[in-house]
Structure formats: structure tokens, C-alpha cells
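Both ligands and their constituent atoms are indexed starting at 1 by order of listing.
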Amino acid sequence: MAKPLLAGNWKMHGTAQSAATLAGQIADCAAEAPDIILLPSFVCIPAVIAELAARTNISVGAQNLCQHAQGAYTGEVCAQMLADLGCSHVLVGHSERRALFAENNQLVAEKFAAAQSTGLTPILCVGETLTERQKGLRLQVVKEQITAVVDLVGLQNVCRAVIAYEPVWAIGTGETATPEQAQEVHAYIRAQLGEQGIPTPLLYGGSVKADNAAALFAQPDIDGGLVGGASLEAEQFLNIAQQMVEQK
Ligand code: 13P
């Protein structure tokens, strides 16, 4: 069983000051919480890390990185820059990156490799669109998204990461996967990873809120959550953390 983990993806919200304030509010009350990862925008990361200095169970990560180690890639941010700031994690393959910024499975795999080669833990996001689900392709899509990364870095390295199942149709829509729908895909991912001796945390994401968190976290293959909207408010996020503590 992987350790319970709750990640907050703040997406493109906040300023350095508001992000630091939110991080501080979460840290003030997070003593009893599971391991928490906060994912502010790039420019807010230093302020959040400074705010969290010397506080324990909260890590900080980024929402994206460049697949290249360095060079003439205007506007990009590489893994080493994130590691230097003190990040421990980075999202790769979030559905918004896949859909809005044309990230395909190959690019996502390269970003995953870039993160790991610098010592960052990637949080690999996978999940099907509504059309894919309606066509009965949900498991196949997730399998292909994971296989692309396995083909590049090997199964052992994928197992050392965190995987987040985020059905695209449930992100920011208020429509959560039912606990059964989420559990089905999580169990499938677990089976795909096989027995590597490394318990890979499998997070669910997609409209996780205080009122649906308990039922999701009660599922045997859901080890935690990747929360968007509800992570922007300390009380909501901590409430979700509390539900996790009670279920795990
Ligand atoms: P919401 O919780 O706002 O649906 O966002 C989920 C998400 O995309 C987390 O990465």
C-alpha cells in the first residue's frame, strides 16, 4: 500500500504573495494531514518554498517542465531549475497540457525522463476524454499513456513515480467519477504496473471536493488525490486532507 498523498494543483492562479499566504494557511493546520504536495505556478514557487521553510510534511512541485536539460528554448523551464528552487515533484502530462498545448505521449515520456534524471519525482497524469469513455476506450487510452513512458524509461522507473488518474471529463466540471468508475481504472493501472516491489501512489483527480472525497479515498486502489479548484482554499483542501486521514 502506497503512502496516502494529497496534491494541490493551483494551475494559473494567484500571485507570489497570495500563494505564500495559502501555503502558510495550509501548513498551519496540516500537522495531522497526510503527505501534501503543493503545485503553484512557476513564479510563485520561491515564495511558497520560503513560506514553508522548516515545516515538515509539505513538499512543493511544479506543474510542468521542459523535456530538454538546457539550451536555447525561450520561455521554458528545465528540471534542474526546479530542483535548484527546492522542488521535489513535477506534474507531467496534465490533460490541460495535452489538450491545450499539444503534448503527446512521446513528449510526456520525455518530460518524465527529464524530471527523473534530475531527481524530481514526476506525477504522471493520465485519463480519457468523454468521447473516449463513451466509445469504451477508457482503459486502452490510459494503457497507451502509461506504455509510452514505460517504453522510454522502463517499468521500474515508472513505478518510482506517482500516477494520477484524471478523467478529462471530470476536471473542473463538477462532475466527479463515481468511486466505482475511479476504482476500476486505478485497479487496471495497478495491474499494469505489476509487482515491482515499489508501491506506486495512485492519485485520483477530477472535481475532488470535501463532500465526495471520503467515498473516493475509501476505494482500495485510490491512494490519494490531485485536487484543482478545491485546493485554492485552505479550509476546503484541509477538509479533503482530513477525509483522507479518516479513510486511509
Ligand atoms: P479540479 O479539481 O478543479 O477538477 O481539477 C483537477 C485537476 O486538474 C488537478 O490536476
key: With N212, the side chain to side chain contact (heavy atoms under 4.5 Å, CB included) member among I240, T178, T176   = T176
ask   = Mind checking whether G205 has a heavy atom under 4.0 Å from ligand 1?
value = no
key: Any N/O pair I171/ligand 1 closer than 3.5 Å   = no
Side-chain heavy atoms of I37 within contact of I123, under 4.5 Å = yes
task = Give yes if a backbone or side-chain nitrogen or oxygen of H94 is under 3.5 Å from a nitrogen or oxygen of ligand 1, and no if not.
result = yes
message = Closer than 4.0 Å to some heavy atom of S207 - which atoms of ligand 1 meet that?
response = 1 (P), 2 (O), 4 (O)
ask   = Which protein non-hydrogen atom lies closest to atom 5 (O) of ligand 1, naming both residue and atom, and how far is it?
value = K11 NZ, 3.3 Å
request  = May I ask you to decide if R133's main-chain N or O and E128's side chain share a donor-acceptor pair within less than 3.5 Å?
outcome  = no
ask   = Got V92 and V149 here, is their nearest side-chain heavy-atom distance under 4.5 Å?
value = no
ask   = For ligand 1, is there an N or O atom under 3.5 Å from any N or O atom of G229?
value = yes
Side chain D223, main chain L202, donor-acceptor under 3.5 Å = yes
inquiry  = Is it the case that ligand 1 has an N or O less than 3.5 angstrom from some N or O of V227?
reply    = no
query = Could a heavy atom of G206 be found less than 4.0 Å from some atom of ligand 1?
reply = yes
key: Donor-acceptor pair between D221 and Q183 side chains, under 3.5 angstrom   = yes
query = Of K209, E175, E166, which has the heavy atom at the shortest distance from atom 6 (C) of ligand 1?
reply = E166
request  = Give a yes or no answer on whether the side chain of Q116 reaches the backbone of N157 with a donor-acceptor pair at less than 3.5 Å.
outcome  = yes
ask   = Just checking, is any N or O donor in the side chain of Q80 or D84 under 3.5 Å from an acceptor N or O on the other one?
value = yes
Contact partition for N9 relative to ligand 1, non-hydrogen atoms under 4.0 Å = side chain
query = Would you say A170 contacts ligand 1, with heavy atoms under 4.0 Å as the rule?
reply = yes
key: Minimum-distance protein heavy atom relative to atom 2 (O) of ligand 1   = G228 N, 2.9 Å
ask   = Around atom CD of E235, are there more than 12 heavy atoms of other residues, nucleotides or ligands at under 6.0 Å?
value = no
message = Would E96 count as being in polar contact with ligand 1, using the rule that some N or O on each side must be under 3.5 angstrom apart?
response = no
